[in-house]
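Here's the structure we're looking at; comments come further down.
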Amino acid sequence: MVQYSNPPLDLSFAALSDATRRGIIDQLGRGDASITSLADKFQMTLTGMKKHVQVLERAGLVVTQKVGRVRTCKLGERGLKAEAEWIEAHRKLFEVRFEALDEIISEMKQEGRDESAS
């Protein structure tokens, strides 16, 4: 049995599987924000937003910093580089396979034309 596990990717893809967390990443892409302002923007409780932010922090996608009474969130420095590289490698694999499929379909169409012409 082959098992593939990459803990950093596992954590980030699990974190990104939630629409709210993807929305938080989008929001923080526009600028840093406090957990309170994120909770207001997403119309959820402060506790709920803290849980989402903690998941993103564990994945290394978000960093928080407490200044006074305010906890500010910003995108993590590593960004989504590793995730983008993984997706790109698999996108290329599918591209090669679809090109091969296109060739097979073209050959089948040509064979169909040749048979109907004879």
Worksheet item: Looking only at heavy atoms, what is the nearest atom pair of Val55 and Ala15, with distance?
Response: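 Heavy atoms only, the tightest pair is CG1-CB, 3.7 Å.
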
Item to complete: Kindly give the heavy-atom pair with the smallest separation between Leu28 and Ala33, and that separation in Å.
Response: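 Closest pair (atom of Leu28, atom of Ala33, distance): CD2-N, 3.8 Å.
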
Can you get from [X] to [Y] by hopping between Ile, Leu, Val, Met, Phe, Trp and Tyr side chains that sit under 4.5 Å apart?
X      : Y     : answer
Trp86  : Leu80 : no
Ile105 : Phe98 : yes
Leu75  : Leu56 : yes
Leu101 : Phe94 : yes
Phe42  : Leu46 : yes

Worksheet item: Under 6.0 Å from the CD atom of Gln110, do we count more than 12 heavy atoms belonging to anything else shown?
Response: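 For Gln110, atom CD is crowded (more than 12 foreign heavy atoms under 6.0 Å).
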
Quick one: [atom1] on [X] to [atom2] on [Y], what's the gap to the nearest 0.5 Å?
X     : Y     : atom1 : atom2 : result
Ile87 : Leu9  : CD1   : CG    : 9.0 Å
Gln27 : Thr20 : CD    : OG1   : 12.5 Å
Lys50 : Thr45 : NZ    : OG1   : 9.5 Å

Fill in: Close side-chain approach of Met44 and His52, heavy atoms under 4.5 Å
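A side-chain contact exists here, since the closest heavy-atom pair is under 4.5 Å.
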
Discussion item. Measuring only between side-chain heavy atoms, which start at C-beta, is Gln65 closer than 4.5 Å to Val67?
Written reply: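 A side-chain contact exists here, since the closest heavy-atom pair is under 4.5 Å.
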
Item to complete: Could you check Thr64 against Glu57 for side chain to side chain contact (heavy atoms under 4.5 Å, CB included), going step by step and ending with a plain yes or no?
Response: CA-CA 8 Å; Thr64 63; Glu57 269 190 306; 2.6 Å; yes

Practice prompt. Look at the side chain of Arg21 and the backbone N and O of Leu16, then say whether any donor-acceptor pair between them is shorter than 3.5 Å.
Written response: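 No; zero donor-acceptor contacts below 3.5 Å.
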
Discussion item. Run Cys73 and Met49 through side chain to side chain contact (heavy atoms under 4.5 Å, CB included) and show every step you take.
Written reply: CA-CA 11 Å; Cys73 306; Met49 181 54 67; over 6 Å; no

Worksheet item: Checking side chain to side chain contact (heavy atoms under 4.5 Å, CB included) for the pair Ile24/Leu38: CA distance, chi angles, key distance, verdict?
Response: CA-CA 7 Å; Ile24 293 168; Leu38 289 171; 4.2 Å; yes

Practice prompt. For the pair Arg78 and Glu83, evaluate side chain to side chain contact (heavy atoms under 4.5 Å, CB included) and give the outcome as yes or no after the intermediate values.
Written response: CA-CA 10 Å; Arg78 75 172 184 84; Glu83 293 78 5; 3.1 Å; yes

Worksheet item: Can we say Glu88 and Lys81 salt-bridge, meaning some charged N sits less than 4.0 Å from an Asp/Glu carboxylate O?
Response: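 No, this pair does not count.
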
